[in-house]
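Here's the structure we're looking at; comments come further down.
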Amino acid sequence: MQLSVWTYEGPPHVGAMRVATAMEKLHYVLHAPQGDTYADLLFTMIERRAKRPPVTYTTFEARDLGKDTAELFQTAAREAAERFEPQAMIVGASCTAELIQDDPAGLSEAMDLPCPAIPLELPSYQRKENWGAAETFYQIVRSLADKKVVRLDREGRAARANILGPCALGFRHRDDLVEIRKILGALGVEVNLVAPLGATPQDITQIGAADFNIVLYPEIADEAARWLEKTFDQPAIRSIPIGVGATSAFITDVAELAGADPTPALGDNHSRMPWWSRSVDSTYLTGKRVFIFGDATHAVAAARIARDELGFEVCGLGCYNREFAREVRAAAKEYGVEPLITDDHLAVEEAIAAASPELVLGTQMERHIAKRLGLPCAVISSPVHVQDFPARHSPQMGFEGANVIFDTWVHPLVMGLEEHLLTMFREDFEFSDEAGPSHHAAHTPRSSTGSAQSANADRPEEPIVAANDGSIWTSEAERELKKIPFFVRGKARRNTEAFALDQGRAEIDLETLYDAKAHYAR
């Protein structure tokens with residue numbers, strides 16, 4: 001465990017909160033001190049939920065540590081059962097409360113509560129949020145699934161599927177679910193249940209009635225799906241329908257298990273992504289270098305879309321959830337890049353700066369990193385901020401999801417005609433680097449470069465210290481650098497400084513700038 005300004009994942013009890021908040025008529029009793037009680041902020045502010053999360057805290061203070069904190073937990077559990085009347089409860093401890101070893105599991109078992117109480121053992125100092133969500137969902141399924149449920153004979157009825165994995169605070173899970181339901185409807189497949197999102201403990205009892213499971217988000221549902229496969233002999237579909245090609249593969253896999261004709265679903269293709277990705281302006285994007293980082297599922301899917309459907313070059317690929325590092329390493333090998341498996345955002349920033357990509361696809365952390373480096377960025381994975389829970393329908397999965405992905409990724413890039421216009425009018429006052437943003441009202445443009453130059457015409461040229469490696473940019477070279485379009489200027493600066501350092505040149509003048517340009521153009 002290390003202290004950090006940003007974290008990709010919280011402790012495992014946050015994962016348990018995500019499952020509890022996604023479900024209905026389930027309550028989470030969390031043994032936690034003041035300071036660990038931040039569920040309201042996570043779900044009502046970031047995900048903009050209209051109701052508070054179903055979490056009750058014991059909220060003990062420092063002065064309570066000399067008393068019986070176990071009694072505090074029992075009181076909180078008893079009052080939560082009486083007030084909320086849940087069909088089931090999950091009980092556990094936060095990372096801080098874990099240290100006092102009150103054993104919420106044993107305490108709840110001895111209380112004779114009016115509903116099932118499912119104990120959670122979440123080792124906060126070894127595991128993290130996604131693992132906590134997966135373990136919580138697995139324990140709920142294992143505890144509540146009725147093993148006496150027998151599937152009806154398939155003859156004369158439609159196939160039934162469980163959709164597993166959609167969760168609270170998930171990246172576009174709500175919208176993805178809409179698209180998956182459309183696909184299943186076109187294939188004539190009935191949905192037995194969706195879990196955890198929207199499911200009740202009573203619904204979970206009937207999870208064994210489905211013919212097969214669809215694992216949409218392996219980080220959340222893979223462990224539970226493996227248990228269901230052993231217990232109920234339910235096969236699982238693990239194709240992730242993100243992108244046109246992957247959606248077609250998903251439809252084929254579902255149709256095969258369901259014994260259905262895939263043609264209607266494959267023919268119901270409203271995706272404009274393939275056409276747009278071949279259009280005149282989009283072909284200009286071919287070969288753009290892209291750096292991808294996020295949870296393993298979305299990162300691997302993004303890399304496949306980037307290379308196979310948009311013609312980008314993957315120059316970096318990584319994930320923060322180590323439980324799925326194997327999948328990312330296999331994908332990175334296929335793309336010929338070194339996998340980056342880390343939860344240290346500073347290591348990610350260093351890797352992005354070294355790769356000098358033309359587009360970054362990542363989490364909200366990579367969005368901040370890209371801003372500092374002056375690089376275009378699109379968000380593809382949790383963790384995300386409030387703006388990535390849009391009010392509009394904005395899926396990632398299915399054919400409509402492919403449309404959303406194309407728009408999202410292309411939007412931060414500069415297209416061919418746009419680059420031409422920016423270059424042609426770069427001396428215009430509105431396009432000048434010295435001008436403020438024209439879309440802000442009542443802004444006062446700063447003095448233009450030309451004015452600054454005429455004001456200093458009589459002064460001798462002085463070198464400008466700009467490079468981090470100690471080399472010096474001459475004012476002439478700096479002016480020439482500003483002629484390069486802003487969207488690639490940062491890369492040109494970094495390449496030139498790297499070239500100067502490699503060549504042992506203490507001063508970056510026009511000759512060094514041109515030599516560096518020739519060197520990297522080979």
Side-chain angles (χ1 to χ4, degrees), residues 11-44 47 49-98 100-122 124 132-133 135-146 167-169 193 195-207:
H13 72 265
V14 172
M17 283 183 197
R18 291 177 58 189
V19 173
T21 302
M23 293 183 65
E24 302 289 336
K25 299 182 180 180
L26 178 77
H27 202 81
Y28 185 18
V29 179
L30 184 62
H31 199 28
Q34 285 183 328
D36 281 359
T37 54
Y38 44 73
D40 283 6
L41 290 174
L42 285 174
F43 298 100
T44 59
E47 198 173 12
R49 284 186 168 258
K51 59 182 180 180
R52 297 180 65 180
V55 182
T56 292
Y57 301 94
T58 56
T59 321
F60 58 83
E61 303 175 40
R63 61 187 177 186
D64 294 319
L65 295 178
K67 306 175 187 176
D68 187 0
T69 51
E71 186 180 347
L72 283 174
F73 172 82
Q74 290 176 313
T75 301
R78 193 176 295 110
E79 289 177 352
E82 291 174 0
R83 178 181 177 187
F84 298 105
E85 299 181 347
Q87 292 179 1
M89 295 170 63
I90 52 177
V91 298
S94 73
C95 46
T96 312
E98 186 180 323
I100 62 176
Q101 299 181 332
D102 273 339
D103 186 23
L107 292 170
S108 61
E109 198 173 315
M111 287 178 62
D112 192 27
L113 291 165
C115 64
I118 302 165
L120 301 177
E121 297 291 340
L122 305 177
S124 299
E135 177 68 12
T136 300
F137 184 49
Y138 163 68
Q139 293 295 346
I140 289 171
V141 170
R142 184 177 177 179
S143 300
L144 298 179
D146 185 351
C167 193
L169 279 183
L193 66 83
L197 189 64
T200 66
Q202 181 60 41
D203 294 334
I204 299 294
T205 64
Q206 300 302 305
I207 199 168

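Values reported hereafter were calculated over all heavy atoms of this structure, with side chains retained and with hydrogens, waters and symmetry mates removed.
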So, taking the atom named [atom1] in [X] and the one named [atom2] in [Y], what distance separates them when rounded to the nearest 0.5 Å?
| X | Y | atom1 | atom2 | value |
| --- | --- | --- | --- | --- |
| Asp203 | Leu26 | CG | CG | 11.5 Å |
| Glu135 | Arg142 | CD | CZ | 9.0 Å |
| Ile118 | Ile140 | CD1 | CD1 | 5.5 Å |
| Arg18 | Cys167 | CZ | SG | 4.5 Å |

Given side chains that start at C-beta, do those of Pro114 and Glu85 come closer than 4.5 Å, heavy atoms only?
no
Applying side-chain hydrogen bond (donor to acceptor under 3.5 Å, both in side chains), name anything that partners Gln87, two or more places apart in sequence or on another chain.
none
Compare every heavy atom of [Y] with every heavy atom of [X], then report the nearest pair and how far apart it is.
| X | Y | answer |
| --- | --- | --- |
| Ala80 | Met89 | CB-CE, 4.4 Å |
| Ala32 | Thr58 | N-OG1, 3.0 Å |
| Ala81 | Pro86 | O-CD, 3.8 Å |
| Ala22 | Ala168 | CB-N, 3.5 Å |

Check side-chain contact (heavy atoms from CB on, under 4.5 Å) between [X] and all other residues, then give those that pass, not counting sequence neighbours.
| X | result |
| --- | --- |
| Ala16 | Tyr28, Leu120, Leu122, Thr136 |
| Glu24 | Lys51, Thr200 |
| Ala195 | Phe137, Leu164, Leu193, Ala199, Ile204 |
| Thr44 | Asp40, Pro53 |

Test of understanding: with salt bridge (Lys or Arg N to Asp or Glu O under 4.0 Å), list the residues that count as partners of Arg49, not counting sequence neighbours.
Glu47
Describe, in one word, how the ring planes of Phe84 and His27 are oriented to each other, choosing from parallel (under 30°), tilted (30 to 60°) and perpendicular (over 60°).
parallel
Any pair counted as salt bridge (charged side-chain N to carboxylate O under 4.0 Å, His left out), so long as it reaches residues 112-122, sequence neighbours left out:
none
